[in-house]
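Start at 1 and go down the list; that is how both ligands and their atoms are numbered. Each residue takes its place number in the sequence, starting with 1.
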Amino acid sequence: MSSYPQDHKNYLNQHSLSFILNELGEEREHYFNAVSAPIIQTSNFVFKKVDDLGKALEDEMDGYLYSRGLNPTVEILRKKLAALDGAEDCLVFNSGASAIFAGVFANVRSGDHIVSVKAPYTWAQRMFDVILPRFNITTTYIDGTEIENWNDATQQNTTIYYLESPNSWDFALQDLQAVARVAQAKKITTIIDNSYCTPLYQRPIEMGIDLALQTATKYIGGHSDTLGGALSGSREMIKKIFDSEYLNIGSGIQPFNAWLLIRGLRTLPARLERITKTTTEVLKFLKKHPKVENVIFPFDESFPQYELAKRQMRGACGLFTIILKTRSRAEIVNFCESLQHIMMAVSWGGHESLVMPKCTGIKKEEFDPDNREHRYVRMYVGLEEASYLIDDLSQALDKSN
Ligand SMILES: *Cc1c(COP(=O)(O)O)cnc(C)c1O
C-alpha cells in the first residue's frame, strides 16, 4: 500500500486534474471536433456481422450493445470519475442511492453481517434496516471514530465495513488507513461514502479502501439539476458489479444526465475553491455570533477530530452544522423562516445556499433543548458572495426571538 498524500502528488503529476477534466475520455475527432461531448441518446447499437453481435453479447463491458450496459456519453464520465478517484474503474449510476445499493448488495450473501458507522446516509441506513434483514443480513452500527470499535463489532460472518467520512450531519470521521488495515487483515470489504469531500478533497482508494462511492447529485453536478452517483474500485470488483447488479437493476445513468455531470465536472475545482473561501468567512461570522453555541466543521479547530481531518482530507467546504444557542424550537423555526435568500431544502452541493433544521424531523412535543442534536441547523454554502450570505444570516438570527 502506497502512503498518502505523497502518492497523490505523483498521481496528479501523471494525470493532472486539468487533463482529466478537459481531455480524458473525449474522442473529439469522432464527433466533428466539437468541444462539448455529444449526448448519444440511443438505447441500442447496430452490428453488421453475426459474430460481432455474438461477441458483444458475451461481454457487455467490452463494447456497445445496449445502453443499460455501456453508452458512449456515460463512458466519458466514467473514465473521468475513475481517474479522479485514482481507481482502476468506476460505474456511474442514476443516483447516489443506487450506487450505495449496488456496492453493498454485490458484496453480501444471506447470513452475512455488516459493520456500519452509526447514522449513515438515510437510504444506506434504510437498506441496512429494512431490505437486507429480509435476506438474513444484519448490521451493527458503531461509533466509527474509535478504531477498536470496528474490531470489537466484527463477527465471524462480517463481510462489509461501511464508512461515511465525514458524516453529513455531525461530520464524524473514520481513520481510513487504520480501518482499511483492520479490514484487510480480516478479508472484509470496505465501502465508503465519500460524498462530502469528492475525490478532490479525499481519495479513499489510495488509503486502502476497496470501494469509494459518492452522490454526483451534489458537488459533481453542482447545479441542482440532475441526480447521479458513482462507485469506484478495482477492475475486478467493478466488473463483478457491472455483470450483475448494474445490468440487472438497470440503474445506470442516462446519457443526458451524464452529459450534465460532465459539464459540472469542468468547473468542480473552481467551485470548490470558491465555496471553500466563502465557507471560511461565513464560519468566522457565525462563531462570533452570540446566538450560536458552536459550529461543527471538520476543518474548524474546535472539531474533535481536527488533526485527523487535516491528515487525511485535502480540504473541507460547503456543508457544516450550526448549533443554535436556544431553549426553544420556535426560535429555530423563526431563524430558518426569516432567511430571505438562503433557501430551505434537502440536498446540497449546488449553486444555492441552503439550510436544513434537524428539528423538522422531530415531533414538537419531543423537542429537547438539552439534546444538542435537536438544535442542529445544517447549512450549505453555495456560490453566492460571502457578504450576501452573512447579511442574510445576521438579520435572520436577529429576528429569531
Ligand atoms: C445525497 C446523498 C446521498 C444519496 O445521493 P442521491 O444522489 O440523492 O441518491 C448519499 N450520501 C450522501 C452523504 C448524500 O448527501
Side-chain angles (χ1 to χ4, degrees), residues 74 77 81 85 90-105 116-131 141 144 160 162-174 176 190-202 204 209 211-232 245-246 249-254 256-258 260-261 264-265 268 272 275 296-298 313 316-321 344-356 358 360-361 376 378-382:
V74 177
L77 178 62
L81 289 174
D85 265 325
C90 170
L91 290 173
V92 195
F93 292 83
N94 63 16
S95 73
S98 50
I100 294 171
F101 195 92
V104 172
F105 211 75
S116 167
V117 289
K118 65 177 181 201
Y121 178 70
T122 319
W123 294 97
Q125 180 149 1
R126 214 56 81 78
M127 175 181 191
F128 296 145
D129 292 348
V130 178
I131 298 178
Y141 295 104
I160 291 179
Y162 189 85
L163 301 85
E164 183 180 322
S165 186
N167 174 279
S168 66
W169 270 95
D170 64 9
F171 306 97
L173 309 181
Q174 301 94 57
L176 303 193
T190 42
I191 305 177
I192 187 172
D193 184 334
N194 193 38
S195 299
Y196 180 87
C197 284
T198 83
L200 261 56
Y201 280 172
Q202 180 167 269
I209 300 294
L211 290 169
L213 65 89
Q214 59 177 324
T215 166
T217 311
K218 313 290 167 57
Y219 280 132
I220 306 295
H223 295 76
S224 304
D225 53 11
T226 183
L227 297 187
L231 178 68
S232 293
E245 285 75 14
Y246 187 82
I249 305 171
S251 55
I253 194 164
Q254 294 298 304
F256 178 64
N257 290 352
L260 285 172
L261 294 178
L265 268 183
L268 179 65
L272 287 192
I275 293 168
I296 313 178
F297 180 66
M313 293 160 59
C317 70
L319 203 63
F320 55 83
T321 288
M344 186 160 42
V346 297
S347 198
W348 48 277
H351 57 92
E352 78 290 10
S353 291
L354 296 170
V355 292
M356 169 87 183
K358 190 89 177 183
T360 188
Y376 282 3
R378 192 176 76 176
M379 176 164 182
Y380 166 69
V381 170

Leu173 side, atom CG; Tyr196 side, atom OH - distance, nearest 0.5 Å: 9.5 Å
If every non-hydrogen atom of Ile253 is compared with every non-hydrogen atom of Gly228, which pair is closest and at what distance? CD1-CA, 4.2 Å
Does Phe128 have its ring centroid less than 6.0 Å away from the ring centroid of Tyr162? yes
Please work out, at 4.0 Å between heavy atoms, whether the side chain, the backbone, both, or neither of Asp193 comes within that distance of ligand 1. side chain
Give the atoms of ligand 1, by number and element, whose distance to some non-hydrogen atom of Ala97 is under 4.0 Å. 4 (C), 5 (O), 6 (P), 9 (O)
I want to know if ligand 1 touches Gly96 in the polar sense, i.e. an N/O pair below 3.5 angstrom. yes
Which heavy atom of the protein is the closest neighbour of atom 15 (O) of ligand 1, given with residue, atom name and distance? Lys218 NZ, 2.6 Å
Kindly write out the residues that satisfy side chain to side chain contact (heavy atoms under 4.5 Å, CB included) with Phe320, not counting sequence neighbours, or none if the list is empty. Thr279, Val282, Leu283, Leu286, Phe297, Ile322, Met379, Val381
Distance (rounded to the nearest 0.5 Å) between Leu261 CG and Leu81 CG: 7.5 Å
Among Trp123, Tyr121, Phe93, which one has a heavy atom closest to atom 8 (O) of ligand 1? Tyr121
Only heavy atoms of Gly228, strictly under 4.0 Å: list the atoms of ligand 1 that pass. 7 (O)
Going by ring pair (Phe, Tyr, Trp, His ring centres under 6.0 Å), name the residues that satisfy it together with Tyr376, two or more places apart in sequence or in a different chain. none
The atoms of ligand 1 lying under 4.0 Å from a heavy atom of Thr217, numbered in the order shown, are 6 (P), 7 (O)
Pull out every atom of ligand 1 sitting under 4.0 Å from any heavy atom of Trp348, numbered as shown with elements. 15 (O)
Looking only at heavy atoms, is any part of Gln214 under 4.0 Å from ligand 1, and if so is it the side chain, the backbone, or both, or is it neither? neither
Could you check if a side-chain atom of Ser251 sits within less than 4.5 angstrom of a side-chain atom of Ser95, using non-hydrogen atoms only? no
